[in-house]
Structure formats: C-alpha cells, structure tokens
Amino acid sequence: MGNTCFVNATLQCLTYTPELQQYMVQYQANHCPNASDCIMCALAQHMQSCFHDSKRILKPHNILQLLKARHMRWGRQEDAHEFLRFLIDALHKSCLAASKQSDDDDDDVSFIHHLFAGQLRSQVICDMCQWTSNTYDPFLDICLDVKTSSSITQALQSFVTCELLDGDNSYFCSSCKKNVTARKLFSIHKPPRILTLQLKRYGMSGGKVTRHITFPHQFNAHPYTSSSLQNNPTCMYDLYAVLVHDGHSTNSGHYYCYVKTKAGLWFCMNDHMVRQSTLDEVLSSEAYLLFY
C-alpha cells in the first residue's frame, strides 16, 4: 500500500485504547444512517476484524478512502501525530453527525471527545494588583518540548512553569489599565480520560531530537493540574501504547508501536509483524507519542 506505517501504527494504538476498544467491538453499523460513508463505522469494522479475524493481515483501505485530506498523500510518508489529530477530528465530527440524526441535545460533546478531550487553563496574574485572568481551552493532546528535558515529567514541569511577561512582552492589565509585569502559567484544568502526549522531537530545519527521553509506565498528573483540583491529590495514568519514530529526520524513518493488551502483555506492532515484547523494551524505546 506504500508508506502507510504512520497509519498502521496510529490505528494499532487506537485499537488498543481500552474504552474505545470496548465501544467499537460492540458498535452496530446498521444503526448509522450513513454507514457506507462513516469513519466511525469504518474504524469499528476495522477494530472488530482485528479481534475476530486475527489470523489474517488487514489493509485499512476503507479508512484511507474516507479520510480525504488534501495535505496528505497516501503512499507518501506523513507525520503520525498529524494523522492522529486528523483522524480524531473526523471521528468526532462523525459522532456529532450521528447524534444530530438521533436528536441528541448535546451538540458539542461526542464519545470521542469524552475519551480524549481535556481542558487547559492559561492564567495571567498582574504583579502590581494581583488581578487574575483565566482562559480555558480544550485540548486533545499535549505537545511537550523535549529539547532541554530528559524525561516527560521534566517536560511537563517546564510546560506548567510560570513565564514572566515584561518589557516588550508586558501584559495589559484590565484592572490597572496599563501595561504591567505579569506572570503566566498553564495547567491541566480538566484531565482527559485518555492523556496523549507528543514529544516534540522535530525541529524547524527538519532535524530531530534522537536521544532517549525517559517516560514512566505510570505517573501522577496531579502536580500539573490547576488549583481547582488540588483537593484531589491523585490523578494517576497508566501507559497502554507507545508510538515510535525510528529515524533521524522528518523526511525519513519508520513508524511502529507498542501496545498493551487487556491481559497486561506488551506487543510490538510493526506493520504486519507482531511479536510479544517486555515493559523494559517499551520504556527504552524512542517514543514519539505516548498514550496513558
């Protein structure tokens, strides 16, 4: 099918997303009014085939045909993170279209966003009057700068570290009615059920951060949450999939992934080749996307 490893690895990670897997295995396409053109139906059929027809190789032709992205050319190497975002967005829109057909009152929330969407808080505090401004934005993943970080916990700490706004980058305070020195910080306001982390390994020049970035198989996201969640000291996440980019630049390389089954076993999924793996091998991989 050409260079579709970015598609294969992404689909494998989604296939082994626990709640999505449970939903899709029980999904009935005959309830959808647009089943032949529905990406949710196509993914459900694909995932059902993964578990019911496990002895044959699956080719996701139908999914590729339905995802007609003008900026992506099938058969050419593309970015797995970009494809994931495009696919999640298409699944979300498909769910919303189905909910409108069934007169669902909630027009903004889909099952897909129920799983993957969280909310970030951007807070700015004036140093003069302590006036505070909060802005809340939805997110489907968090992109972590790893240029100066050796671990994702260190990168997450940098993500929520306070930034000073002064000089040419000073902040106009609505209370003081003038530009002032202020502090800005991000935090996770609503943690998603599925936390997806992208390690920003690629630079603007096409180069790549190839060194190993450590990541835990389990971690507490509480230190990176907003003050409204401080009364809940536990926000534990368990690793279940790792998407790897093997290569030295954005223009070359190969994608594959590791996934964890319901039985707790890890497998390496490399296009049509599947083999059992170990947690140590998973944690030593050159991760590009992490699914918790």
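Positions are given from 1 along the sequence. Predicted, not measured: the structure shown is a model, and the values here were computed from it.
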Visitor: Quick check: do L279 and Y258 have side-chain heavy atoms less than 4.5 Å from each other?
Guide: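 No; the side chains remain at least 4.5 Å from each other.
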
Visitor: Only pairs under 3.5 Å count here: list side-chain donor-acceptor contacts from residues 212-219, not counting sequence neighbours, and write none if there are none.
Guide:
{"unit_1": "H212", "atom_1": "ND1", "unit_2": "S285", "atom_2": "O", "d": "3.3"}
{"unit_1": "H212", "atom_1": "NE2", "unit_2": "L283", "atom_2": "O", "d": "3.3"}
{"unit_1": "T214", "atom_1": "OG1", "unit_2": "S150", "atom_2": "O", "d": "3.3"}
{"unit_1": "Q218", "atom_1": "NE2", "unit_2": "D238", "atom_2": "OD1", "d": "2.7"}

Visitor: Quick one: does V124's side chain get under 4.5 Å of T132's, heavy atoms only?
Guide: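 Heavy-atom side-chain distance check fails, nothing below 4.5 Å.
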
Visitor: Checking side-chain contact (heavy atoms from CB on, under 4.5 Å) for the pair L144/L156: CA distance, chi angles, key distance, verdict?
Guide: CA-CA 7 Å; L144 297 176; L156 279 167; 3.7 Å; yes

Visitor: Give me each pair satisfying salt bridge (charged side-chain N to carboxylate O under 4.0 Å, His left out) with a member in residues 191-200, each pair once, sequence neighbours excluded.
Guide: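 Pairs touching residues 191-200 that pass the test: E19-R193.
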
Visitor: Sorted by first residue and then second, give each salt bridge (charged side-chain N to carboxylate O under 4.0 Å, His left out) pair with at least one member in residues 122-133; sequence neighbours left out.
Guide: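 For residues 122-133, and leaving out neighbouring residues, the salt bridge (charged side-chain N to carboxylate O under 4.0 Å, His left out) pairs sorted by first residue read D127-R183.
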
Visitor: What are the two closest heavy atoms between R201 and A287, and how far apart are they?
Guide: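 Minimum heavy-atom separation between R201 and A287: NE-O, 2.6 Å.
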
Visitor: With sequence neighbours excluded, tell me which residues meet ring-ring contact (aromatic ring centres under 6.0 Å, His included) with F111.
Guide: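 ring-ring contact (aromatic ring centres under 6.0 Å, His included) check on F111 returns Y23.
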
Visitor: Could you walk me through whether L43 and M24 pass the side-chain contact (heavy atoms from CB on, under 4.5 Å) test, one step at a time?
Guide: CA-CA 8 Å; L43 183 61; M24 289 300 201; 3.7 Å; yes

Visitor: According to ring-ring contact (aromatic ring centres under 6.0 Å, His included), who are the partners of Y288, at least two apart in sequence or on a separate chain?
Guide: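 Testing Y288 for ring-ring contact (aromatic ring centres under 6.0 Å, His included), a comparison that skips the adjacent residues, returns Y202.
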
Visitor: Can you tell if the side chain of M47 reaches within under 4.5 Å of the side chain of L14, non-hydrogen atoms only?
Guide: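 No, side chains not in contact.
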
Visitor: Please round to the nearest 0.5 Å and tell me the distance separating atom NE2 of H52 and atom CD of Q45.
Guide: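 That separation rounds to 12.0 Å.
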
Visitor: Treat each ILVMFWY residue as a node, draw an edge where side-chain heavy atoms are under 4.5 Å apart, and state whether I125 and V180 are in one component.
Guide: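 Shared cluster, no.
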
Visitor: State which residue, out of V244, D79, N3, L289, fulfils the side chain to side chain contact (heavy atoms under 4.5 Å, CB included) condition with Y255.
Guide: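 Result for side chain to side chain contact (heavy atoms under 4.5 Å, CB included) with Y255: D79.
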
Visitor: With a cut-off of 6.0 Å (strictly less than), are more than 12 heavy atoms of other residues, nucleotides or ligands near CD of Q48?
Guide: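 Check passes, neighbour count above 12.
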
Visitor: For T17 and Y240, which heavy atoms make the closest approach, and how far apart are they?
Guide: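 That would be OG1-OH, 2.7 Å.
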
Visitor: Could you give the distance from CG (L20) to CD1 (I88), rounded to the nearest 0.5 Å?
Guide: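 Taking CG in L20 and CD1 in I88, the distance rounds to 7.5 Å.
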
Visitor: With rounding to the nearest 0.5 angstrom, report the OH to NE2 distance, Y256 to H245.
Guide: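 The OH atom of Y256 sits 11.0 Å away from the NE2 atom of H245.
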
Visitor: Write down the atom of F116, the atom of P192, and the distance for their closest heavy-atom approach.
Guide: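 Looks like O-CB, 3.6 Å.
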
Visitor: Yes or no on side-chain contact (heavy atoms from CB on, under 4.5 Å) for M128 and S175, after CA distance, side-chain angles and deciding distance?
Guide: CA-CA 10 Å; M128 292 190 64; S175 178; over 6 Å; no

Visitor: Closest heavy-atom contact between S122 and K184?
Guide: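 For S122 and K184, the tightest heavy-atom pair comes out as OG-CE, 3.5 Å.
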
Visitor: Nearest 0.5 angstrom please: I188 CD1 to R121 CZ, how far?
Guide: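 Nearest 0.5 Å value for the CD1-CZ distance: 12.0 Å.
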
Visitor: Tell me the salt bridge (charged side-chain N to carboxylate O under 4.0 Å, His left out) pairs involving residues 152-179, sequence neighbours left out?
Guide: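 Applying salt bridge (charged side-chain N to carboxylate O under 4.0 Å, His left out) to every pair that reaches into residues 152-179, excluding sequence neighbours, yields nothing.
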
Visitor: Below 4.5 Å, heavy atoms only, C-beta onward: do L165 and S170 meet side chain to side chain?
Guide: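 Contact flag for L165/S170 side chains = no.
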
Visitor: With clusters defined by side-chain heavy atoms of hydrophobic residues (ILVMFWY) lying less than 4.5 Å apart, directly or transitively, does F86 cluster with L243?
Guide: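 Yes.
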
Visitor: Is L140 reachable from I112 through a run of I, L, V, M, F, W or Y residues, each pair having side-chain heavy atoms under 4.5 Å apart?
Guide: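 Per the 4.5 Å side-chain linkage, I112 and L140 are co-clustered.
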
Visitor: For the pair S149 and S158, evaluate side-chain contact (heavy atoms from CB on, under 4.5 Å) and give the outcome as yes or no after the intermediate values.
Guide: CA-CA 8 Å; S149 300; S158 297; 4.2 Å; yes

Visitor: To the nearest 0.5 angstrom, please state how far the CG atom of N270 sits from the OG atom of S277.
Guide: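 One finds 11.5 Å between CG of N270 and OG of S277.
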
Visitor: Do H81 and C143 have side chains that get closer than 4.5 Å, going by heavy atoms?
Guide: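 A side-chain contact under 4.5 Å exists here.
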
Visitor: Going by side chain to side chain donor-acceptor pair (under 3.5 Å), name the residues that satisfy it together with D89, two or more places apart in sequence or in a different chain.
Guide: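 Partners of D89 under the side chain to side chain donor-acceptor pair (under 3.5 Å) test: K93.
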
Visitor: Decide whether L185 and F139 are clustered together by the hydrophobic rule: side chain heavy atoms of Ile, Leu, Val, Met, Phe, Trp, Tyr closer than 4.5 Å, transitively.
Guide: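 No: no chain of side-chain contacts under 4.5 Å links L185 to F139.
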
Visitor: Under a 4.5 Å cut-off applied to non-hydrogen side-chain atoms, are M40 and C95 in contact?
Guide: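 When only atoms from C-beta onward are counted, C95 and M40 do touch, with a gap below 4.5 Å.
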
Visitor: Say you draw a straight line from OG1 of T225 to CG of L120; how long is it, rounded to the nearest 0.5 Å?
Guide: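 Answer rounded to 0.5 Å: 11.5 Å.
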
Visitor: Could you pull out all residues at least two apart from F159 that satisfy ring-ring contact (aromatic ring centres under 6.0 Å, His included)?
Guide: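 Partners of F159 under the ring-ring contact (aromatic ring centres under 6.0 Å, His included) test: F186.
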
Visitor: Is the F51 to Y16 ring centre distance short of 6.0 Å?
Guide: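 Yes: the rings meet the under 6.0 Å criterion.
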
Visitor: Hey, does S174 have a side-chain heavy atom less than 4.5 Å from the side chain of W131?
Guide: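 In contact.
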
Visitor: Only pairs at least two apart or in different chains count here, so list each salt bridge (charged side-chain N to carboxylate O under 4.0 Å, His left out) that has a residue in residues 129-142.
Guide: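 Sorted result for residues 129-142: R85-D141.
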
Visitor: Hey, quick one: are L58 and F83 part of the same hydrophobic cluster, counting side-chain heavy atoms closer than 4.5 Å, chains of contacts allowed?
Guide: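 Cluster IDs for L58 and F83 differ.
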
Visitor: Testing the basics here: between V282 and V242, what is the closest heavy-atom pair and its distance to 0.1 Å?
Guide: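 Smallest heavy-atom distance, with atoms named: CG1-CG2, 3.7 Å.
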
Visitor: So which heavy atom on N62 is nearest to which on A42, and how close?
Guide: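 Heavy atoms of N62 and A42 come nearest at ND2-CB, 3.6 Å.
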
Visitor: Sequence neighbours left out, what passes salt bridge (charged side-chain N to carboxylate O under 4.0 Å, His left out) with R275? Give chain and number order.
Guide: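 In terms of salt bridge (charged side-chain N to carboxylate O under 4.0 Å, His left out), with neighbours along the sequence ignored, R275 is linked to E281.
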
Visitor: Name every donor-acceptor pair, under 3.5 Å, that has one atom in a side chain of residues 6-13 and the other anywhere in the protein, sequence neighbours excluded.
Guide:
{"unit_1": "N8", "atom_1": "ND2", "unit_2": "T4", "atom_2": "O", "d": "3.4"}
{"unit_1": "N8", "atom_1": "ND2", "unit_2": "D271", "atom_2": "OD1", "d": "2.8"}
{"unit_1": "T10", "atom_1": "OG1", "unit_2": "F6", "atom_2": "O", "d": "2.7"}

Visitor: Taking only residues two or more places apart in sequence, or in another chain, which ones meet E286 in a side chain to side chain donor-acceptor pair (under 3.5 Å)?
Guide: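 So E286 forms a side chain to side chain donor-acceptor pair (under 3.5 Å) with K208.
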
Visitor: Quick one: does C50's side chain get under 4.5 Å of H46's, heavy atoms only?
Guide: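 SC-SC contact between C50 and H46 confirmed.
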
